[in-house]
Amino acid sequence: MSRRPRDPHHNEKIAAEFDPAADDGGPKLSRRSFLKGAGAAAAVAGLLGVQPAAADDAAPEPPLAGAAERLGPGPATFKLRINGATRTVTAEPRVTLLGVLRDHLGLTGAKLVCDRGACGACTVHLDGAPVTSCMMLAIDARGHEITTIEGLGAPDRMHALQDAFVAKDALQCGFCTPGMTMALSAALEANPNPSPAEIKHAIAGNICRCGTYPHVIEAALAAAQAARGQA
Amino acid sequence: MAASSSNGFRVIGTRPIRHDGVDKVTGRAKYGADYAFPGMLHGKVLRSPHPHANIKSIKIDKALALPGVKAIVTSADLPALPDKMEAAGEQAINLNHLSMNILARGKALYDGHPIAAVAATSPHIADEALRLIEVEYELLPPVMTVEDAMKPGATILLPSLRNKEDGPDKETNVAAHLQFKRGDVAEGFKQADYVIEREFKTAMVHQGYIEPHNAVGIYNADGHATIYCSTQGSFVVRALSAAVLGIAEGKIKVVPAEIGGGFGGKTTIYLEPLSVLLSQKTGHPVKLTMTRAEVLRATGPTSGSTIRCKMGATKDGKLVAAQCWLAYEAGAFPGSPVGAGAMTIVAPYNIPNILVDAYDVVVNRPKTAAYRAPGASNAAMASETVLDELAEKCGIDPLEMRLMNGSEEGTPQTVGPPFKRIGFKETVEAIKNSPHYKSKLTGANRGRGVASGFWFNVGLQSSATVNIHTDGTVSVVIGSVDIGGTRAAQAMIAAEVLGVDINDVRPTIADTDSIGHTDVTGGSRTCFATGWAVYEAAQDCVRQLKERAAKLWEKKPDEVVFENGMLSPAQPGGELKPMSIKQIASRLARTGGPIVGRATVNARGVGPAFATVCVDVEVDPDTGKTQILRATIAQDAGKAIHPSYVEGQMQGGMAQGLGWGLNEEYFYDDRGILRNTGLLDYRMPTCLDLPAIETAIVEVPTPGHPLGIRGVGEVSIVPPPAALANAIYHAVGVRMTELPMSPPRLLKAILKKRAAGEAQAAAAD
Ligand code: FES
Ligand code: FES
């Protein structure tokens, strides 16, 4: 996967990288839990310049870098680009992107499972790259294109992966499915001709307790093939 | 896939696309936590940070004063219930224990035990309110293991708990002692040339469904309540919630949402009554969802256990005696699956002399809940590895050993009547003939292990309605939630009977007001029992269709034949043309009105399930890490309705069994606090940990069932831990007796063996 290898611990690493306490071996207070718990203006202002999902890419300069912005602790009103539309959200700065999607915008396709970046069920795309939306504050998603499972395809024009998931029976209870699909669609975008090992790598951070992994891998291979056939 | 299957079925045995597939891949399927209602409040639960403590006082005024907080409830808001087994709906249960697990009453009995619940305008405010509730605890020593709990003078968890053996005056942590006996074990062991006896310890593990528990409760001013939740049993939720709340069962409607995995763990209640109680107090809908930490700390797990297993065989491999002792952690309240463990431990084998003692023991851990073939995996870990050792002593191939001693039709069960027709040996043969077993495994530190497993399966009650619509399409209404293919399988059964296209059948899962009583989706019963009800309901439609055609043709119903979806006169020739269901459907009004087929069953004659698995592993002797190279499972499905879903159950159960064997475990510290409450530390298998699991479906029909179905949901989890242990032995020569066989444990065993070898070598020098 050329563009961005899907590292299951990507978000934590990013979080740790910008964790002020991490370097000196001090208490491991993650940046996100700190923000979530405090919802404090100063913290937000100081850290807003960091765009977790874009940190290891040559990303455009974050829109609010360095700005001494005051947000919170009460609700703030801000705009997000979601599935091609601009949505205005009023939420406390401590609310995660997943929280805004599910509780404020009714986009319940992304699932809350661990809230710690450990399972992949909340995966969405941020500028085309997979991120675990439970590990990102909604305000940090400003200025980025967010795609959720609802925006990937619709019943009348499903993404090749969605078709393949149904055809290959790549789900049992279906709870991991939106996250799997989002992780894989980003991976296929980056690498239209993946090997099974590369597919495994792409979903290494997505837990399926129903044990459907082999079917998921089959579906991804089939979708890749179908997409190449079309092109 | 083939359009039609063998043995005379048209739809059954094929692999149509599931009806809920599109909803689930587009994110539209609604799971419990996806529901939202106008004015809805959010609930959170305060949980005990101590594993064992008297609750001296709970002060809620500060929390109540927080803006946005609407209500707080404690056990004082729930009725006191009798401390004895009582009927709640269809099951007998100690309602006092059930209620005390919803909200602690007087005592906190495990880390995470609910103390109070808050409803507020946002989840964040509810969270903040929890921090403002002041609870005064008097700490008591935690009792974490069955050994400690069973010691004379042990700290007592439940002062009113008694068991039959010790009588009415003795306080105890042992809720029950069961014994199963056949023949005379002392005599049996005398005939044995080889006797192996080992003690095993297995860790508490969680079902690990990735969807956290959830509930939305809406209490109406007229005294009726509705609960939306993800559950395996909407009728169980209704009965148990009604009992805990002290309201009539009929006043609660449960709407089952889609369910993100359950594996047995969603067959009881946690948040459901709280959502109703908080809604009643506030007049708003209230939603509660658990965090992952709450799920791990306070729901589900299945028992850790200590098991001693002694088995004897003659030189030529005949098993002559087995004696087993099992003690299972029930958690804070009685009810571990130790009875099932005891009844399954040697069930695959015909052994003339058996003595099994089983103890249900309370400890300061969460109350255990069902987990896929509850109790059987622990037990099989013991018996199936001891059997492997015996096979080695006898110099007999382990599969041959199983075939020589395997249960078959007529073999007495540990309890109950002899087995009817079963497919155990067929599963062993299927592994013997599998490409996997026939392949050669080479390389250092690699080994192959096999093991078998048994599960009872259950029947119980189901209801079904089949409607013929005016356009000839069909709807199937059932009360069994779809946890992995139920809709498709039920629709297929109706399509088979009615001779219609599977895409013309629409399956619906109804709420508790809209369908007759239906027991849980669990016990591997859904396809068997609900499938039976759907089969009968569809037959009911056929009967009515014939009557209607007879009316139109002015004939008697028995002068009409129904075949492949076509009604035709029994005497061919003449004017009358055969009619399809579609054709007659539009004319039903003229023949007496709509056709609704209905049936209910209390399904008896359930067919037990067997599975045999084969696993190849490679062990890294320097780290103790085991990599699974290849895995195959053979399982008797009776008749596979939708083979993909049967395979899915086989693979899913095996995947869980492999995780149980190698990784998963509850870590309590010495203060009794659970230390691994997240998915990074409670590590379930990812795609990198598992090979593609190969499957062989065996079909030995269950006698008496109209389609020969056997439940397939559970037995697949039984053999994997033992098969892994056997494979590890054949890889590196150590016999593991503890689960999980995680790298530190395995490395310790490897180093111990190495040290013993070196000591021996030194002594020989
Ligand atoms: S819920 Fe976000 S990674 Fe698990
Ligand atoms: S399908 Fe159930 S968790 Fe993946």
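What's counted below: heavy atoms across the whole structure, side chains too, no hydrogens, waters or symmetry copies. Note on naming: letters A, B, ... go to the chains in the order of the sequence lines (proteins, then strands), and numbering restarts at 1 for each one.
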Check your understanding: Who wins among B/L688, B/I259, B/T686 for the most heavy-atom pairs under 4.5 Å with chain A?
Key ->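 Greatest number of close heavy-atom pairs with chain A: B/T686.
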Exercise for review: Heavy-atom pairs under 4.5 Å with chain A are the metric here; pick the option from B/K24, B/Q207, B/E211 that has the most.
Suggested key: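 Looking at each option in turn, the highest pair count goes to B/E211.
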Spell out, as yes or no, whether a donor-acceptor pair under 3.5 Å connects the side chain of [X] to the backbone of [Y].
| X | Y | value |
| --- | --- | --- |
| B/S230 | B/A257 | no |
| B/T521 | B/V481 | yes |
| A/R81 | A/H144 | no |
| B/R18 | A/Q172 | yes |

Check whether [X] gets within reach of chain A through its side chain, its backbone, both or neither, counting any heavy atom under 4.5 Å.
| X | result |
| --- | --- |
| B/A29 | backbone |
| B/L690 | both |
| B/Q649 | both |
| B/T26 | both |
| B/I210 | both |

Under 3.5 Å, which donor-acceptor pairs link side chains of residues 212-221 of chain A to any protein atom two or more places apart or in another chain?
unit_1, atom_1, unit_2, atom_2, d
A/Y213, OH, A/C208, N, 2.9
A/Y213, OH, A/C208, O, 3.4
A/Y213, OH, B/P685, O, 2.8
A/H215, ND1, A/K168, O, 3.4
A/H215, ND1, A/D169, O, 3.2
A/H215, NE2, B/Q651, OE1, 3.2

Exercise for review: Answer yes if the side chains of B/T299 and B/H206 hold a donor-acceptor pair under 3.5 Å, and no otherwise.
Suggested key: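 Their side chains do contain a donor-acceptor pair, which is all the 3.5 Å distance test asks for.
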Go through the atoms of [X] and report whether side chain, backbone, both or neither lie under 4.5 Å from a heavy atom of chain B.
| X | answer |
| --- | --- |
| A/K111 | side chain |
| A/L161 | neither |
| A/L171 | both |

Point to revise | Presence of salt bridge, B/K30 and B/D34, under 4.0 angstrom | key: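 B/K30 and B/D34: not salt-bridged.
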**Study point:** Between A/G211, A/G174, A/C173, the one whose heavy-atom pairs under 4.5 Å with chain B are most numerous
**Key:**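 Highest number of pairs under 4.5 Å: A/C173.
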